Amino acid sequence: MASSTSQPKRGIRIAIDRGGTFTDCVGNPGTGKMSDDVIIKLLSVDPANYSDAPLEGIRRLLAKFTGKETPRGEPLDTSQIESIRMGTTVATNALLERKGENMAMVVTKGFKDCLEIGNQSRPNIFALDIRKPEVLYKKVVEIDERVTLEDYAEDPERANTEARGLDEVDEKEELVRGLSGETVRILRRPKEDEIRQRLQQVYDEGIRSIAVCLMHSYTYPKHEAIVGKIAREIGFDHVSLSSELMPMIKLVPRATSACADAYLTPAIRKYIDGFSKGFEGGLGTKSLKEKGSKGARCEFMQSDGGLVDVDIFSGLRAILSGPAGGVVGYALTSYDPETRIPVIGFDMGGTSTDVSRYGAGRYEHVFETTTAGVTIQSPQLDINTVAAGGGSRLFWRNGLFVVGPESASAHPGPACYRKGGPLTITDANLFLGRLLPDFFPKIFGKNEDQGLDAEASEKLFRELADEINKEIAGGNKEKEMSLDEVAYGFIKIANETMTRPIRSLTEARGHDTSRHRLATFGGAGGQHAVAIAEALGISQILVHRYSSVLSAYGMALADVVDERQEPESRVWADDQETREYLKSKMHELKAKSMATLKEQGFDKEQIVFEEYLNLRYRGTESALMIVKPSKTEAEQEYDGDEWAFGKAFVKQHEQEFGFTLPDRDIIVDDVRARGIGKTFQGLERTVDQQLKAITPQDLPQGEKQYGSRKVYFEGGRQDTAIYKLEDLNTGDRLKGPAIIADGTQTIVVPPGASALLIETHVVINVGESDNQEKQIDTKEVDPILLSIFAHRFMAIAEQMGRALQKTSVSTNVKERLDYSCALFDSEGGLVANAPHLPVHLGSMSTCVRKQAAIWKGKLKKGDVLVSNHPMFGGTHLPDITVITPAFSGDKIIFYVASRAHHADIGGILPGSMPPHSRELFQEGAAIKSEKLVSEGHFNEERVTQLLQDEPAKYPGCSGTRCLSDNINDLKAQVAANQKGINLISTLISDYGLEVVQFYMTSIQNNAENSVRSLLKGVHDRFHGQDLSAVDYMDDGSPIRLKVTIDPDKGEAVFDFSGTGPQVYANINAPEAITYSAIIYCLRCLISEDIPLNQGCLKPIHVKIPKHSFLSPGEGAAVVGGNVLTSQRVTDVVLKAFNACAASQGDTNNLTFGFGGSSTSSSGPVKGFGYYETIAGGSGAGPTWNGTSGVHTHMTNTRITDSEVFERRYPVLLREFSLRKRSGGKGRHPGGDGVVRDIEFRIPMQVSILSERRVYHPYGLEGGGDAECGVNMWARKIQRSGEDRNADDVQPVDGGSVEENAKESEVVEGKEEEQEEEYRYINLGAKNTASMQPGERIIIYTPGGGGWGKEGEESLVKGKVDPRSGWRMGSVANRQQTAEASA
């Protein structure tokens, strides 16, 4: 344990991790020697014996160290305690169970629903019953105040309005310089009387905790401070101000963070107050000052891996309190600053498996993470839950072995826990002999005195094996799988499931997984570590002797931390002025931090700082938190310059993203100082120093052996030696197969690996496996291999995606992740596709198959094809597909392809998505089939002709407006394809070409069988009737569908006869889009994870009338087909299957900007363009209500955060809220649409491309239709004399025009007579208008239809996402971003 400075009589140091099941306590009498440590493990909840587990642990440790027993219930004497350190799950549990404090949220007027809408994307892309996490507040109070930013980032002139600082201006000034250096315009000041009245009402309702988050308070906190002052005067017990908690831009995460703090901190304070009463003089720095020797230091672990005094521990920073200790534990015990080998942490416990990474001697932090459905903006360690741990449940589904994500949780737990629980990974390990009942605590059974129940595990495995064999063997004994094979199959699938996100964690940041060590801890980690390491190419595993209590041990080693951060907006420059300005800001933060740490008893010599600047390139959102280079780094890389933040940023950007942008400004977003009060003095000897000094002694067979048993490894059961950890000495080395165990952990050393004991760790070296892979049969499908190949194929597609993102340069690909990568068999049939973009699912295969047919027999190794034409499998022109064949000799054995959305490819408007296109040429470059690369040579000249010269030949059209970005992204797509080919080549070298091709086909057959089963079930449900549906586009064009099912074959004909003809507009949809919509709907209807591939469409025969608008001719405009018609096709398919009421059926595509082509000789006008899609309501179904303010079906794009929106563009977002009562009524009501009211501050060209403005989203089973959408232009006009007495037209959803006009004038702060007014003009579904300053577009999006007759009893079923309690760090955020790019 760490040594630290101490008073002579105090010495006892205690560290505790209170987990969900167990509470781990590590105590040291003050020597700091590991050999003197005492470890105690207690049940976290045991009311029959004690009221609080940590208190009981401290009582027992004190008795051990002092020899004096304190009776339970009596306060403990703290005079000999130097420090108590704790991690707790109190905050996480309160969040998971939604048992925090009743609280209210205070927010700027117009944004009351900002947290319900969130970023508008849905959590599960294929769930028809969309369930967003519940908000934490009980009530919302809107405050009539408003500020905005005066300048905007996309301004081509880079205007910078000067203003005086916050403390220098008087109360009437409208312009002020905010904390970030940006100029803030005060539009409306809050009225204190109104605030007092509203808050008093909240207080009178019994609410005592509030969160305050106002627009732009990160830079202008004054209005929040006013609200906070009034709230405290009224008597609120807890007030969370977002500007104090985390002054970072982004309204939604900041508001959620403030709510989480107001919700959790009171719960934590209650717990701490109760805990402190168990000690004679209380706890914390305050107690030491007030009570002297009676008090004791007490610190709690925060989510960022630093400790904080008990008196200032808050809910917001407590969410990862326990897991953070484990990261600190492995980081400080496994990483050597000399050898600098990075470490991956693998924490596999009973209910979760968490992974993290530690490298370069610093913790990896993320600033936006999601836990229990709540997105927090606060520095947290990048901890990612990747599975449900030993409690992961085992299933046989659709012919595949499936592990999790469902968990048996702590209660009832696995089947072997004697509580009637389900089959889990723990049961599989027990059954295979990898878990030893002798070494497991005897805490099970009625009297909690029995061990694990192996018979219960075996009984359930027998039942599951019978089910599997019935399906795969059909009575043929030779084809049946043994119980061992079934159990081991699940272990292999569990390892595959965990390996994919670990790879994502490392590779997404530009690190090579194989160059790491694996540090494993948690009760179940030792049973899986070697298999995980082998899969990742890692050769060495470190298992700390305290690995099962490493979170508690980590707290003993951790430092006390004080974080400070302030927003900034300055451009980085290597000049003296910029540096001095940022240094002075950093100095202020460090001074505040120093004062706080001194207050907690640290001397100046014990305090060190990490200094950070949060930097990004202008025009991008990928900010990197750059730490100030160390002295050594500065000397080696930056000519001794320790403030070389700019160079360090460029270096890290190159490593993480694969490129730099030398011609762009670097923007400083935040200045951050991390003050560290050092208590950890370093280990006596690091792992590498111990390994260097040690002489391994191979243990002779049988020596020090505790016993032996038959354990299952690849190929069968083997005699395996069992050793007790405490019987082994430093230097002992044993070869696998072996098991090393103590009372808290079991380490499996398989054949081919060896384990070496050093002072602090068991070091496992992963050798070559002794087992020869058995000959794989390609006549019969092995369900285990089928499940493994499903993971492997998907992993290859994911790794292609990461390669594409890393090497591309455009924002669409790099940040919005608007791309898709896939692999195909030799016929062009889809094998695996990632990420899941519904609109790409069926269409990429159409493209690959067409190209394969065109170029049959003509392609050579090194050739790459390119296409985007709708007639050749394209969706819309900006989506360009790059296809690479892979050869074995002269034969093509498979294809890989990547499709990316290019920001511009020419046409009549920037962005290549014009709302009024009539012909395909108006939408940009259309490439039917070209060689992008010929035998390794990139044809840049031809690409330039296709993208720049060809489109410009048409009237009113331009070539691409960003050729260099197009070329770079195409090269990135070629590189991503090559990555895919290399990965499949590795797979072929491991398994052989015949096996890989066999499973490429088998995985498609598996998906095909799932769809056939679905169709047979549908036929039975509808008693053999044909299914039919019709719906209409707003121009009256019908989409008709008749589905005829053959129940014997499980096949269906989808017949679209009667669908309207091709239209002279842009809602024509290429055939590929209809295939994508069908595959998406089938996946939703199956409602379980199945491989998404060509097999889904094999039982489906689609008939689309030629020259209908679902199968248009060659020159038809199609841009609306991709984003609008695809939604209507989805509505029609789901209506035919009677699956759910219609969702909004729209994506509400809004674009605005200025600049572009010009008639003057000076060339194009510099400007900008912006594009967004807007959420609406989802349709209700037989067991669910519709969801409000969410994207549905074929799209899932996130909305730009309100504050970022105003920072980047010259707009004022007047309102972004739910459109009440717009969902259809019914037994289960449909979701509501939204209201988005945008005011333009400069002249702007505004376009809207939308649907469902005429035909209502339908209800089903007697449910009501939803409201249509409306697009309104609030146009400013001069009010003439005769107009003054005329009746005002009512705008949509209430409020008179007059009120709105007056409101506008207040907003703009005009003193003139009110001669101007708003005239509300309906823009229709598709239109373009030139809007002047002060004019607005107000978009009312459609709701979702209702289900069932209103008044009938609700049949809504509560359903919890098994991943709701997972810690969602960077891996999950990346996956969600990918799914939100559809």
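Just so you know, residue 1 is the first one in the sequence shown, and it goes up from there. From a predicted model like this one, the values you see are computed outputs, not experimental measurements.
In the model, Thr256 has no side-chain atom that pairs as donor or acceptor with a side-chain atom of Thr375 under 3.5 Å. Looking at Glu224 and Ser217, their side chains do bring a donor and an acceptor atom within 3.5 Å of each other.
Ion pairing between a basic and an acidic side chain is recognised when a charged N comes within 4.0 Å of a carboxylate O; Glu563 and Arg672 show such pairing.
In this structure, the ring of Phe1205 has its center less than 6.0 angstrom from the ring center of Tyr1170. Within the 6.0 Å centre-distance limit, the rings of Phe236 and Tyr203 are counted as a close aromatic pair. For Tyr617 and Phe649, the ring centers are positioned less than 6.0 Å apart.
Side chain of Asp562 to main chain of Ile676: no donor-acceptor pair is present (N/O by atom type, distance under 3.5 Å, no hydrogens or angles). A donor-acceptor pair is defined here as one N or O able to donate and one able to accept, closer than 3.5 Å; such a pair exists between the side chain of Thr92 and the backbone of Ile319. A distance-only check finds no donor-acceptor pair linking the side chain of Ser356 to the backbone of Asp382 [under 3.5 Å]. A donor-acceptor pair under 3.5 Å links the side-chain atoms of Gln120 to the main chain of Thr1197, judged by distance alone. No donor-acceptor distance shorter than 3.5 angstrom exists from the side chain of Ser551 to the backbone of Asp17, with no hydrogens or angles considered. For the pair Asp1201 (side chain) and Val252 (backbone), a donor-acceptor distance under 3.5 Å is present.
Counting heavy atoms of neighbouring residues, nucleotides and ligands inside a 6.0 Å radius, atom CD of Glu134 does not exceed 12 of them. Other residues, nucleotides and ligands place more than 12 heavy atoms under 6.0 Å from the NZ atom of Lys628.
Of the residues Tyr218, Phe111, Phe1216, the one that meets the side-chain contact (heavy atoms from CB on, under 4.5 Å) test with Leu251 is Phe111.
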- Check the pair Glu233, Lys229 against salt bridge (Lys or Arg N to Asp or Glu O under 4.0 Å), reporting the backbone distance first and the verdict last. CA-CA 6 Å; Glu233 286 168 2; Lys229 175 174 157 286; 3.4 Å; yes

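In this structure, the separation between CD on Glu1206 and CZ on Arg185 is 13.0 Å, given to the nearest 0.5 Å. With values rounded to the nearest 0.5 angstrom, Leu613 atom CG is found 9.0 Å from Met625 atom CE.
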